[in-house]
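In what follows, a structure is listed as structure tokens, so that the remarks can point back to it.
Letters go in sequence order (proteins before strands), and every chain restarts at 1.
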Amino acid sequence: MEYDFRKIEKKWQSFWSEHQTFKAVEDPAKPKYYVLDMFPYPSGAGLHVGHPLGYIASDIYSRYKRLCGFNVLHPMGYDAFGLPAEQYAIQTGKHPALTTEKNIARYREQLDRIGFSYDWSREVRTCDPAYYKWTQWAFLKMFDSYYDNSLRKARPVSELVGMFSRNGTEGVDAACTKELSFTAERWNSMSDKERSDVLMNYRIAYQGETSVNWCPKLGTVLANDEVKDGYSVRGGYPVEQKKMTQWQLRVSAYAERLLDDLDDLAWTDSLKDMQRNWIGRSEGAEMVFKTYNGDNVYDMHIFTTRADTVFGVTFMVLAPESEWVEKLTSPEQKQAVAEYLNEVKKKTERERMTETRKITGVFSGSYAENPMTGNRVPVWISEYVLAGYGTGAIMAVPAHDSRDYAFARHFNLPVIPLIEGCDVSESSFDAKEGIMCNSGFLDGMPVKEAIPAAIDYVEKHGIGHRKVNFRLRDAIFSRQRYWGEPFPIYYKDGIPTPLPSSELPLQLPEVDKYLPTESGEPPLARAADWTYEGWPLEKSTMPGFAGSSAYYLRYMDPHNDSALVSREADGYWRNVDLYIGGTEHATGHLIYSRFWNKFLYDLGYVCEKEPFKRLINQGMIQGRSNFVYRIVNTNRFVSYGLKDGYETTEIHVDVNIVHNDRLDIEAFRKWMPDFADAEFILENGEYICGYATEKMSKSMFNVVNPDMVCDTYGADTLRLYEMFLGPLEQSKPWDTKGIDGVHRFLKRLWRLYYGKDGLVVTDQEPLPSELKVLHKLIGKIHTDIEAFSFNTAVSAFMIAVNELYDLKCSKRGILEPLVILLSPFAPHISEELWEALGHKGSISFASFPEYDGKYVVEASCTYAVSFNGKTRFTVDLPKDMPKDEVEAQVRSLEQTAKYVGDGNILKIIVVPGKIVNIVVK
RNA sequence: GCCCGGAUGGCGGAAUCGGUAGACGCGUUGGUCUCAAACACCAAUGUCCGAAAGGAUGUGCCGGUUCGACCCCGGCUCCGGGUACCA
């Protein structure tokens, strides 16, 4: 009987689905374990071979945990709002909901083929009104809350209103956009509009001004990804920076807690580091510099971590977007500044950070007075200062900051060294060490002491105050798009007002087109009657992360219509025990989710302060991408070999219309409407594409589908092969070569159970040699699964099967545990063999083999060499190692010992099962 | 630029605590089975010298620590992820 994976896989997949084998039901008698995958965006390209990598790993762990007696919650759903469906809708006029529906159906089909043990009764979709009702609900809660800094938690806005009406801002310590100060009297006399504006300053979900990539020609805001070299990827139109009022979430209020609570999470240190750096806590001081623009005098606030270097300030720098630019530009410099701002406007923030080697800037015409020395220094404007961090203005100390140094050298500004003996002729001295000089009262102090001393001085003399600054910015929460959650907000007399919760969900309206209006309004402006009680509704929609921030909670209680999650379900499942997903979410989703969870925790809706206890980052399965090269400002494309003669923009092209790096020109023209009338500059009659290894993703157009693998080799082979490919956490390029070996292994396994005449398994007692193979494997699989070292686990299976093959083992006592051990990895073949061995039902109800004294026949001994009381060297000497080999090992130990100390070996003791001692005098 | 990873044979990778580098699999070569192929099985396989025995060399580059370094430290190079509106 042959291993017929097609029949077997189909049979067991229907069995699981019919018997609802993996349905999770709250059961207080059993310990719970929640295993979660980062849910996919259902792209039109379908599931690619990179997606299942993490899903297979989490499925292995889920199945393993079930076999170990846990009540496992292992759900799946779809992050279904997103740009690609909208783009597709713009191109085709098809409603994104239809496209999404279709894509989800395809994803489900693909997922089912791989044999995952999901509880599909708990599926969620972020674009489902029954789901986004709770996204909108959470938004309204955030709108109706402010963050109390002293209580370190979110509180209802009504409490803030109460405080304002009694004492004004007196005694209020709340996270805010701008420090405000007013009396109760003032508050009580404010109009509704004024009060609304004041409260916006405190709400956790608030409206505020921010800078965005604006494409006037497309009439829309673009992501940095959609902008390349100052032009839109779609269409190639110019893009500029523009200020816009946007909904934002006051994530920054939670910065300290997001940082502190990282300590208790079982995440990798590298990931925690990324989050810590992203949150970017820095201690320093906010200082006031008097600035003079002609006769006008202003107090300008700057933030610095190096108050100790204030004596070395030789100039000040403003971010181009800073509100100070207007105030501090002198009439003579007006033209130069305007020209400079115009240049900078064309660049995205990321481009500005990347191009730090190109030094640009302009003198504002104003001067600032150093509060310590009284010296006047020029105020410059440069793109290396970012508006979003600190106050958007810095004091420049070129001697001790490399960016300031580069700027000073370029514009010939003075450099004053402040540390004894430091050499600043070639580069700045950034290290926080040495003894201060040229610094007045700080002279002679080590830097480490000078920093706090300087801040003390600043506070004492009213020049400024101690401040902790965070790099973490508030999250921009509105998008000028169609395919997202509508905001449950309407504008009553121009005042943003929440919809009553009985109106939720506020459903996405139908529109005639998915593009912005001619006047540049978002697509929702096209809806026929987008009003509530006659007042206009908010026209922007929520971003992708809105729906993905709390989805893990909804899985606990997905059909509840009266709460996001019931107290009972939340109390049982609590939070995610194991979360698997890519590192690309390290600073986006994983910060937003933690923020969202903490907010709900503050309000008492969830019982855990962190959403994800343990987190494993699966590596990327990389794809091989192809590029075409568009000549800037044209629709002409030049072949790879000739591109150096032109100024070009590199654009990803779908690998499915490229063969051996040669572009299928007709397919390319059909690929996107923008390229329909594209022209080409060919080499040797062909268009050659560039290539690169990078992340496999729909946006890179380099997707490979797993269906082919399932067709030819089966799901179990795909599962094993993806695990065998390399360490889970490491990136590796997809390569179908090598999959035969894994398939061969499964066939060999099958032949262990089935001969020509059917099942060959006997009830004979296993031999010690056979038990040894099994128990070596049990030990290995246990440690490997717990360590998520699945590639070595698969190798261990291969070795064990080869050994059993050599031993011609056919004993039930070996083969039955073997098939249970393998079942998390290759569930279909395992179920089939389990049934063949005479068991009814699913192998999921078996229990995972454990080490058991009766199986242990022989054990290897570890010998260690120790000298001076410290173990320095261990060597494995198996119990059955031949005598001469043991002697050889001992000789090599003697050799080693000779290198130690003066080479005098007192004695060597060799006792089997004990430590080898080499004592050196 | 900044933050976080990675680099080991022809290829994917193993070496889990500083102790025999290259497990396991792919590929390649030779062989067995077959009329032939497929399947399967056996053997060899880092590189260089050598008929062999054996020797030399070898974990991206330069340097250091150590009796001993793929592993630890310092300095680089290249590749990947993120960089706040891709999800």
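- A salt bridge does not link A:E383 to A:R403: none of the charged nitrogens lies less than 4.0 Å from a carboxylate oxygen.
- Separating the CG atom of A:L472 from the P atom of B:rC2 is a distance of 21 Å, rounded to the nearest angstrom.
- Here A:Y713 and A:F5 keep their ring centres 6.0 angstrom or further from each other.
- Base pairing of B:rC17 is not made with any nucleotide, judged by Watson-Crick or G-U wobble geometry with both donor-acceptor distances under 3.5 Å.
- Taking atom P in both B:rG58 and B:rG64, the straight-line distance is 15 Å, to the nearest Å.
- You'll find the ring centres of A:F139 and A:W247 inside the 6.0 Å limit.
- Following rounding to the nearest Å, A:N277 (CG) and B:rG5 (P) show an atom-to-atom distance of 10 Å.
- In the set B:rA84, B:rA87, B:rC85, B:rC85 carries the atom at the smallest distance from any side-chain atom of A:Q246.
- Side-chain to base pairing of A:E584 with B:rC86: no donor and acceptor N or O lie closer than 3.5 Å to each other.
- Pairing of B:rG9, defined by two Watson-Crick or G-U wobble distances under 3.5 Å, is not identified with any nucleotide.
- Of all non-hydrogen atoms in A:I104 and A:Y78, the two that sit nearest each other are CG2-CE1, 3.5 Å.
- Nucleotides B:rG22 and B:rG12 are separated by 13 Å at their C1' atoms, to the nearest Å.
- Only the C1' atoms considered, B:rU45 is 14 Å distant from B:rG25, to the nearest whole Å.
- Remark: B:rA40 base-pairs with B:rU32; criterion is Watson-Crick or G-U wobble with both hydrogen-bond distances under 3.5 Å.
- Residues A:F788 and A:F790 place their aromatic rings such that the two centres sit under 6.0 Å apart.
- Distances were taken from every side-chain heavy atom of A:N224 (C-beta onward) to each of B:rA84, B:rA40, B:rC4; the shortest belongs to B:rA84.
- A:Q207 places a side-chain heavy atom less than 4.5 Å from the side chain of A:T245.
- When rounded to the nearest whole Å, the span between CG of A:L590 and C1' of B:rU83 equals 15 Å.
- The same atom, C1', is picked in B:rG50 and in B:rG68; the two are 30 Å apart, to the nearest Å.
- With its glycosidic angle more than 90° from 0, B:rG22 adopts the anti conformation.
- Side-chain atoms of A:T100 and A:Y88 form no donor-acceptor pair, as typed in the model, at a separation below 3.5 Å.
- Residue A:Q480 has no polar side-chain atom (N or O) positioned under 4.0 Å from OP1 or OP2 of B:rC85.
- Side-chain atoms of A:R276 and base atoms of B:rC3 include no donor and acceptor less than 3.5 Å apart.
- Residue A:K732 places none of its side-chain N or O atoms closer than 4.0 Å to OP1 or OP2 of B:rG13.
- A:L262 has its CG atom 14 Å from the P atom of B:rC4, to the nearest Å.
- Of the residues near RNA chain B, A:P727 and A:N213, the one whose nearest nucleotide (by heavy atom distance) lies more toward the 5' end is A:P727.
- Comparing B:rA87, B:rC85, B:rG13 against the side chain of A:Q730 picks out B:rG13 as the nearest.
- Nucleotides B:rC61 and B:rC24, compared at atom C1', are 30 Å apart to the nearest Å.
- In this structure, A:S548 reaches neither bases nor backbone, as no heavy-atom distance under 4.0 Å exists between it and the strands shown.
- The separation between A:M723 atom CE and B:rA14 atom P is 13 Å, rounded to whole Å.
- Of the charged side-chain nitrogens involved, none lies within less than 4.0 Å of a carboxylate oxygen, so that A:E321 and A:K243 do not count as a salt-bridged pair.
- In the set B:rA87, B:rC85, B:rC41, B:rA87 carries the atom at the smallest distance from any side-chain atom of A:D79.
- Contacts of A:S789 classified as side-chain hydrogen bond (donor to acceptor under 3.5 Å, both in side chains), with partners at least two apart in sequence or in another chain: A:T792.
- The CZ-P distance, from A:R471 to B:rA84, rounds to 9 Å in whole Å.
- Going from atom CD of A:E226 over to atom P of B:rA84 covers 13 Å, rounded to whole Å.
- The partner of B:rG22 is absent, by the rule that a Watson-Crick or G-U pair needs both atom distances under 3.5 Å.
- B:rG1: Watson-Crick or G-U partner is B:rU83, with both key distances under 3.5 Å.
- With B:rA40, B:rC4, B:rA84 as the choices, the nucleotide that has an atom nearest any side-chain atom of A:R751 turns out to be B:rA40.
- Among the atoms of the strands shown, none is found under 4.0 Å from any heavy atom of A:G588.
- For the C1' atoms, the distance from B:rC33 to B:rA38 is 12 Å, rounded to whole Å.
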Contact state string [nucleotides 22-29 of chain B, B base, S sugar-phosphate only, - no protein heavy atom under 4.0 Å]: -BBSS---
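- Ring planes of A:F797 and A:F825: perpendicular class, angle over 60° (limits at 30 and 60°).
- Atom NE2 in A:H589 sits roughly 15 Å away from atom C1' in B:rC86 (whole-Å rounding).
- Across the strands present, B:rC76 finds its partner in B:rG60; the criterion is a Watson-Crick or G-U wobble pair with both atom distances under 3.5 angstrom.
- Distances shown here put every side-chain N or O of A:R473 at or beyond 4.0 Å from the OP1 or OP2 atom of B:rA84.
- Across all strands shown, B:rG27 pairs with B:rU45; the Watson-Crick or G-U wobble distances both stay below 3.5 Å.
- Look at B:rC4: its glycosidic torsion is beyond 90° from 0, and that puts it in the anti range.
- Using a 4.0 Å heavy-atom distance criterion, A:L271 is classed as making no nucleic acid contact.
- Across the interface with RNA chain B, nearest-nucleotide mapping of A:T783 and A:D269 shows A:D269 to be the residue nearer the 5′ end.
- Taking the C1' atoms as reference points, B:rU59 lies 11 Å from B:rG46, given to the whole Å.
- Within 4.0 Å of A:H585, counting heavy atoms only, lies at least one base atom of the nucleic acid.
- Counting non-hydrogen atoms under 4.0 angstrom, A:E729 reaches nothing in the nucleic acid.
- For B:rG68, there is no paired nucleotide, since no Watson-Crick or G-U wobble pair has both relevant distances below 3.5 Å.
- In summary, the side chains of A:D401 and A:S428 do not present any donor paired with an acceptor at a separation below 3.5 Å, with no hydrogens or angles considered.
- Separating the C1' atom of B:rC17 from that of B:rA69 is a span of 14 Å, rounded to the nearest Å.
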